[in-house]
A.B. asks: 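Just dropping this structure here.
Sequence lines set the chain letters: A, B, ... in the order given, protein chains first and strands last, and positions in each chain run from 1. Everything quoted here is computed from the prediction, not taken from an experiment.
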2 protein chains.
Amino acid sequence: MSVTESVQSVESTTAPRGKDRYTISEVAALTGLTAHTLRWYERIGLMPHVDRSHTGQRRFTERDLGWLAFVGKLRLTGMPVADMVRYAELVREGDHTHAERRALLESTRSDVVRRIAELQSTLAVLDLKIDHYGTICGGVSP
Amino acid sequence: MSVTESVQSVESTTAPRGKDRYTISEVAALTGLTAHTLRWYERIGLMPHVDRSHTGQRRFTERDLGWLAFVGKLRLTGMPVADMVRYAELVREGDHTHAERRALLESTRSDVVRRIAELQSTLAVLDLKIDHYGTICGGVSP
DNA sequence: TAAAAGGTTGGAGTGCACTTCAAGCAAGTA
DNA sequence: TACTTGCTTGAAGTGCACTCCAACCTTTTA
């Protein structure tokens with residue numbers, strides 16, 4: 001659940017540690033995504049290029065898991081998949097896209113800040129309503 | 001932007017103030033929803049019952065606007081439309097559904113709290129990444 | 001080695017929340 | 001009264017993010 005290791009290193013390291021040949025169903029179990037979704041991510045260009053075994057089956061690396069963890073965070077922000085694909089493209093294009101990547105993340109960041117504020121305002125409304133219905137069953141009511 | 005007047009009173013007052021016969025396009029302008037969406041909301045049972053003119057055109061009241069404001073808040077929480085419809089049904093069924101309504105709002109409330117936490121964790125990741133790209137253009141960088 | 005479990009593909013299907021369409025009535029202005 | 005703008009309906013269409021299917025190949029277990 002922590003904001004981990006590999007997320008930061010996805011684009012900058014080349015020597016991951018530990019097991020490095022995960023099957024699609026192992027990755028599905030680890031990420032909570034379905035195998036279908038993982039294949040779909042690859043097809044639309046949201047994965048950096050996944051290794052294959054000599055018979056053509058996918059073999060994911062730690063690096064891929066790190067990327068998926070980051071994508072998972074982006075997904076939580078509500079960022080459209082198309083934008084995530086754009087970001088993935090920028091990563092593939094190399095270092096000269098740093099500025100654009102940063103801009104994309106910053107605009108995402110402000111969306112998130114706005115969403116948090118919205119949610120907090122809905123929380124206020126919900127609390128008013130809930131109060132209004134009274135704390136009938138099991139509350140530590142004053 | 002405030003958590004207003006009518007929202008709280010939707011289910012408990014009967015004497016709204018001010019103009020009380022809004023056409024569908026006026027309501028569209030006021031709420032930001034389209035006329036299409038307003039008709040759709042009515043069809044699926046998300047509206048409390050909208051008045052009609054003698055020729056059959058919709059005439060919305062302040063009360064309806066209050067309800068739509070509340071629905072807007074629920075929508076911001078990400079609550080599925082089906083659940084909002086369920087809530088609307090409970091309101092129509094009368095006072096004996098207070099407990100169930102409260103339960104529904106409380107479960108929505110905890111979803112919101114969870115969403116806020118999720119968003120805050122994504123914010124942390126975004127900030128790490130953004131930092132990582134460096135504050136190149138216009139930052140007050142240390 | 002045979003069966004079961006798991007992997008591959010392109011393409012079609014699903015569920016949600018609208019959104020648009022077609023065809024016709026209603027309301028306000030010159 | 002003619003014209004324009006707006007409202008009515010049911011039904012079909014859209015875009016997103018998956019999700020499932022059929023037919024076939026690979027890997028693991030008994």
A.B. asks: Tell me whether B:Glu100 is salt-bridged to B:Arg86, with the criterion being a basic N under 4.0 Å from an acidic carboxylate O.
C.D. replies: yes
A.B. asks: Taking atom types as modelled, find out whether A:Tyr133 and B:Arg101 have a side-chain donor-acceptor pair closer than 3.5 angstrom.
C.D. replies: yes
A.B. asks: Roughly, in whole Å, what's the span from CD in B:Gln57 to P in C:dG24?
C.D. replies: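 Computing the B:Gln57:CD to C:dG24:P distance gives 18 Å.
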A.B. asks: Rounded to whole angstroms, how far apart are CZ on A:Arg52 and P on D:dC25?
C.D. replies: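 Going from CZ in A:Arg52 over to P in D:dC25 covers 17 Å.
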A.B. asks: In whole angstrom, what separates B:His36's NE2 from D:dT9's C1'?
C.D. replies: 12 Å
A.B. asks: Mind calculating the distance between CD (B:Glu42) and P (D:dG10) to the nearest angstrom?
C.D. replies: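 Checked: the CD to P distance equals 10 Å.
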A.B. asks: Starting at the 5' end of DNA chain D, which residue's closest nucleotide do you reach first, A:Val81 or B:Ala35?
C.D. replies: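 Taking each residue's closest nucleotide, the earlier one in sequence belongs to B:Ala35.
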A.B. asks: Can you tell me the distance, in whole Å, between the CZ atom of B:Phe60 and the P atom of D:dC7?
C.D. replies: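 One finds 10 Å between P of D:dC7 and CZ of B:Phe60, rounded.
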A.B. asks: Give a yes or no on whether a salt bridge exists between B:Arg39 and B:Glu42, defined as a side-chain N under 4.0 angstrom from a carboxylate O.
C.D. replies: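 Result for this pair is no, no salt bridge flagged.
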A.B. asks: Any salt bridge between A:Arg58 and A:Asp51, counting N to O under 4.0 Å?
C.D. replies: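 The answer is no: the pair does not qualify as a salt bridge.
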A.B. asks: Figure out the CZ/P separation between B:Arg43 and D:dA12, and round it to whole Å.
C.D. replies: 12 Å
A.B. asks: Between A:Trp67 and A:Tyr87, what is the ring plane arrangement, given parallel below 30°, perpendicular above 60°, and tilted in between?
C.D. replies: parallel
A.B. asks: Quick check on D:dC16: is either OP1 or OP2 less than 4.0 Å from any side-chain nitrogen or oxygen of A:Arg75?
C.D. replies: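 No.
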A.B. asks: Reckon A:Arg59 touches a base, only the sugar-phosphate, or nothing at all at heavy-atom distances under 4.0 Å?
C.D. replies: nothing
A.B. asks: By nearest nucleotide on DNA chain C, pick out whichever of B:Tyr41 and B:Thr55 is the more 5' one.
C.D. replies: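 The 5'-side residue here is B:Tyr41.
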A.B. asks: By nearest atom, which of the nucleotides C:dA27, D:dC7, C:dG7 is closest to the B:Thr23 side chain?
C.D. replies: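 My answer, after comparing the listed nucleotides, is D:dC7.
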A.B. asks: Does B:Thr37 make a side-chain N or O approach to OP1 or OP2 of C:dA17 shorter than 4.0 Å?
C.D. replies: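 Answer no for this pair, as no side-chain N or O of B:Thr37 is under 4.0 Å from OP1 or OP2.
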A.B. asks: Would you mind reading off the distance between B:Trp40 atom CH2 and D:dA12 atom C1', rounded to a whole angstrom?
C.D. replies: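 Rounded to the whole Å, the gap is 15 Å.
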A.B. asks: Rounded off to whole Å, could you give me the CZ-to-P distance for the A:Arg39 and D:dT19 pair?
C.D. replies: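 Interatomic distance, CZ of A:Arg39 to P of D:dT19: 13 Å.
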